[in-house]
Amino acid sequence: MNTLNDNMLGERMLKFSLDLICTVDRNGHLLFVNEACRRIMGYESEELINARFVDFIHPTDCGSILEAGTEAMKNKATYCESRCLHRSGKVVPVIWSVVWSEEDEAFFCIGRDATERKFVRQGLNEKDERFHTLVDHGSDILILLDEELNFLYSGNGTLKELGYRPEQLIGANALSFIHPKDVPLIKGLLSEGFVNREKIRIPKFRFKNAKGEWRWLEMTGNNQLDNPSIRAWVTSSRDITEHINSGLRLQENQQHFVALFDGNPDMVFFENKAGIIEDANPAVVSFFGIEKQEILNRPLSDFLPLETALVWADFLQEAISGNQVNFDLKVSLKSFDLGQRVFNIKKIPVEVNHEIIGVYTVAKDITAMAESHRKIKQQAKKLNTVFESITDAFFTLDQNWHFTYINSEFDRLLGTDRKNLIGRNVWEVFPEGLNGELYRQFQSAVETGRAVHFKFYVKKLDRWLEEKAFPSEEGLSVYFSDVTDSVKSEQELEKLSLVASKTTNGVVITGADGLTEWVNEGFTNLTGYTASEVIGRRPNYLLQKGVSDKASIQVIREKRKQGKPFTEEMLVYTKTGKKIWLLVDITPVLDEHGNTTRFVAIQTDITERKEAEVNQLQMTNDLFRQNRDLQQFTYIVSHNLRSPVASIMGLAEILTTTDKSSETYGVSLGYLKRTAGQLDTVLKDLNMILSIRDKNNATGSEKVELAPVCQQVTAALDEQLKSCGGDVLINIGEGISVNGNRAYLYSIFYNLLSNAIKYRSPDRSLEVNIKCCESPDRGIKISFSDNGLGFDMEKAGENIFKLYKRFHLNAEGRGIGLFLVKAHVEAMDGEIEVKSKTNAGTTFFISLNRTE
Amino acid sequence: MKICIIDDEEVSLYLTQRILILHGITENIHTFLSAQEALNFITVGSDEDFPDIILLDLNMPVMNGWEFLDALAPQWARDMHNCGIFILTSSLDYLDGVRAEEHAMISGLIHKPISNESIKLVFPQRECL
């Protein structure tokens, strides 16, 4: 093509160009504008020549236009965009390319109507917006780097993942954030990237985050350096630190596992689902003492006895079904010369992709442990049995006073529940013990290290406990038992023995055999016999020495057999021979079967009472006699005294009304005289009786020989005896004498002999026999018998000795003789009896006291 | 009228008799010094000999007044209901009085010496005195 053609072509191109082509001088005045200005801006070319370029530019875009001009003058082609003002006033976006030609001293500007393109750009912007949103909110770290790897752009992901805001990075060099070890790698890869203009990927490198920590990143880079709209490395990174770490961990785990597996002192092996051993650790090998190869690929049951193998299979199945299994297995491994062994077995199923592929087994040989456990258990059980079998309540305390053991007897005695007490402080459980004997004793045991033994009263329970506490390093072991009954009976016994020993009564305890076991001081005081003299002997043997009171001993024997308490009065002799009366309360002591084990006899001295009783009896007798005598006197007064008095009164009456000269007068006077004499006799009798009674009380006794008295009486009545032809035979030995009163004895014999004469039988001559014989009771018994009239014993009865009782009609007796005889006999402490038969005779028996 | 006086005391017997005479009672007085004697007289004799009045002493030897009454009881029960038996005693014993009161055969008790009132008790029909 030639130059003309070229020029022509240029002019034509200017003329037909759709783009606005203009030249602007250094000062911004338009030098030339092609015809396109009409279409784009609504102005003719002529209208624009010499006009200021910027007058047709939107004011806000003037700056960028000027900037572009400046840029272009630096000999750089510049693009810029501005809004131009159309003749109609509308704004027309125009994209400019500006070139400065030094030669022409002018800017060559080409402007293209960008209205169409604007729409396209708008679409692009929207895309861009979406892209930004993605960049801002995504987790990827989006970074743009220039050729020198300086930060051009940093997305929000960087802030989120690495903690850097964009302004912290932009302008800085990326390599300064990268781990020095990874820098060469990066550089190498990037240079490759330059060369190949390819997309590059850096699988991992370390990048320092805002906190200064190294994070592992994975990066993809896209070389857009040549893309004019980007001109950068577009990189997208992900933080793969966790991933890297878990990978490391996995690796670590793997190594751990191997270490655990191979180095485990316990046997570890892996069985597949079929129970075949696929792996076994060295412990297995060394335990069985065979080569590993011999173990692998065989089921474990090959090594186990049948019964254990079956159990094993069950557990294996359970593990395969997904459960961890833990059990103790006792197995006999005699075939391996290992004997009876106990293993703790853990079976752990191994799951891969939700499927169990096999089971790891850890077998720990716990034979020794099991054995020692068993022994400890056995020991503990034995100890427990020992503790429980202690019949005493038992507990142990540690050094802090806490209960460590309590047996069941403890609970039973104290009504506690040991489950609630173990571990608690004894003083917290029994606070009342803290201030008393219990604490002092325990404390003393702990301090001195010596066992203590004491009795202790629990007020709350009203019980006595006997406690034995043994200190040890662990604390205290305490035994106790309920001794309430024994303490109470002890106290009772103490009191009783106090009573028994201090009482003035005699107390004798004899065995069932009657032999004395114990006597008190009172016994010695009463009887004079000491304990040593009487123990082992029968008390009655001593006390009734020489006494033939067999009856009372028999009574006592009989009563003792009945096993009931009884009381008996006994006359006994003291050691010195003194007579004393004892009231003896005998109580048998029975055992649980009702058998007598011993007797307790309590003796009370009742001598005084007995003597008083004797006195009382004497007094009663005296009183009786007095009373009887009084009756006699009453009788005498009412009859024998009254009778003559009545007669005298009657006679006196007659005499006063009778002529003195008459015969009646004389007779009556005679009777009066006689009756007065009678009265006098009665009064004399009474006087005599009273005098005997007085003497009875006052007289002392004397020794009176009997024979002479009888002879005196016989002599005194000799005349009467002779006149009736009576005969008296006295058969009384020489020297036989009685303790009595001579006058009384004379009166007795006189009255008896004169009675015999008075009441003699008219049919035969009187014979009187006076004999003397010994009486066992009193010593002397005299019998006085006659062969006279006698009397009817039945009729006379008790009246024979009564005053003024007569039993014969014609005799001159007054009825006083026998009364006097009896009174005299009794005054001498004697007795008189009579036997008589009518018309045969009468015998009197008189007992008197022999002279001592 | 037949009267029996039984008394072992001679003086008493004499006195009783004299007092009865003094009161004009003189007919048919029998005196006995023992009860046995009187009993014999009454039981052995005929019905006509039954006394109308008996004056009886109590205190006598061998057979006393009470024993006499016991011995006479069969006879008395048969045909002596009209016979007035009076105890004549010098006793002041209260018990004698009580016993006499209770005894069916005894009509009354009179004390020695016999007073006018006693005579009136024994012989109520006599107004002469």
Side-chain angles (χ1 to χ4, degrees), chain A residues 631-658 662-679 682 759 789 791-792 795-796 799-800 802-815 838, chain B residues 5-24 26 32-40 55 57-68 70-71 87-99 109-119 129:
Chain A
Q631 276 185 339
Q632 294 278 335
F633 273 94
T634 309
Y635 194 80
I636 291 162
V637 169
S638 71
H639 187 80
N640 294 68
L641 208 52
R642 168 73 182 155
S643 176
V645 169
S647 296
I648 288 167
M649 286 163 73
L651 288 165
E653 181 70 29
I654 289 166
L655 287 170
T656 51
T657 55
T658 310
S662 70
E663 193 199 339
T664 309
Y665 188 86
V667 173
S668 296
L669 201 58
Y671 276 126
L672 182 63
K673 246 187 185 169
R674 190 170 134 187
T675 310
Q678 244 176 33
L679 183 60
V682 170
Y759 305 113
L789 294 169
F791 58 90
D792 187 341
K795 264 188 161 179
N799 290 326
I800 188 78
K802 283 188 179 167
L803 186 59
Y804 298 131
K805 288 285 181 186
R806 286 172 301 152
F807 302 92
H808 298 90
L809 294 170
N810 47 353
E812 68 269 39
R814 303 199 305 273
T838 310
Chain B
I5 307 171
I6 307 164
D7 198 329
D8 67 322
E9 290 279 341
E10 201 185 333
V11 178
S12 186
L13 205 57
Y14 168 77
L15 254 177
T16 308
Q17 203 176 352
R18 279 308 324 162
I19 289 168
L20 291 182
I21 292 166
L22 272 176
H23 283 84
T26 54
F32 303 93
L33 274 166
S34 87
Q36 189 65 53
E37 213 179 306
L39 190 64
N40 288 343
L55 298 176
D57 187 18
L58 285 175
N59 189 42
M60 293 178 289
V62 186
M63 179 183 278
N64 67 21
W66 301 114
E67 287 163 343
F68 169 79
D70 289 344
I87 299 297
L88 181 63
T89 180
S90 58
S91 167
L92 297 177
D93 193 340
Y94 168 73
L95 285 175
D96 284 342
V98 172
R99 194 169 167 191
L109 184 141
I110 54 179
H111 290 283
K112 295 177 193 177
I114 297 169
S115 62
N116 287 344
E117 286 74 29
S118 301
I119 295 293
L129 305 168

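Order of the sequence lines fixes the chain letters, A, B, ..., with proteins taken first and strands second; residue numbering starts at 1 for each chain.
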request  = Using distance alone, with no hydrogens and no angle criterion, decide if B/Tyr14 and A/Ser668 have a side-chain donor and acceptor under 3.5 Å apart.
outcome  = yes

message = What part of A/Val667 gets within 4.5 angstrom of chain B, counting heavy atoms only: side chain, backbone, both, or neither?
response = both

task = Starting at CG of A/Leu651, measure out to CG of B/Leu15 and round the result to the nearest 0.5 Å.
result = 4.0 Å

task = Give, for atom CE of A/Met649 and atom OG of B/Ser90, the distance between the pair rounded to the nearest 0.5 Å.
result = 11.5 Å

ask   = Checking heavy atoms, do the side chain of A/Glu653, its backbone, both or neither come under 4.5 Å from chain B?
value = neither

Part of A/Thr657 lying under 4.5 Å from any heavy atom of chain B = side chain

query = To the nearest 0.5 Å, what is the distance between CD1 (A/Ile654) and CD (B/Gln17)?
reply = 10.0 Å

ask   = How close do B/Val11 and A/Ser647 get, heavy atom to heavy atom, and via which atoms?
value = CG1-CB, 3.8 Å

note = Answer key: most heavy-atom pairs under 4.5 Å with chain A among B/His111, B/Glu67, B/Glu10, B/Glu9 is B/Glu10

message = Minimum heavy-atom separation for B/Pro113 and A/Arg642, please, with both atom names.
response = CD-NH2, 4.3 Å

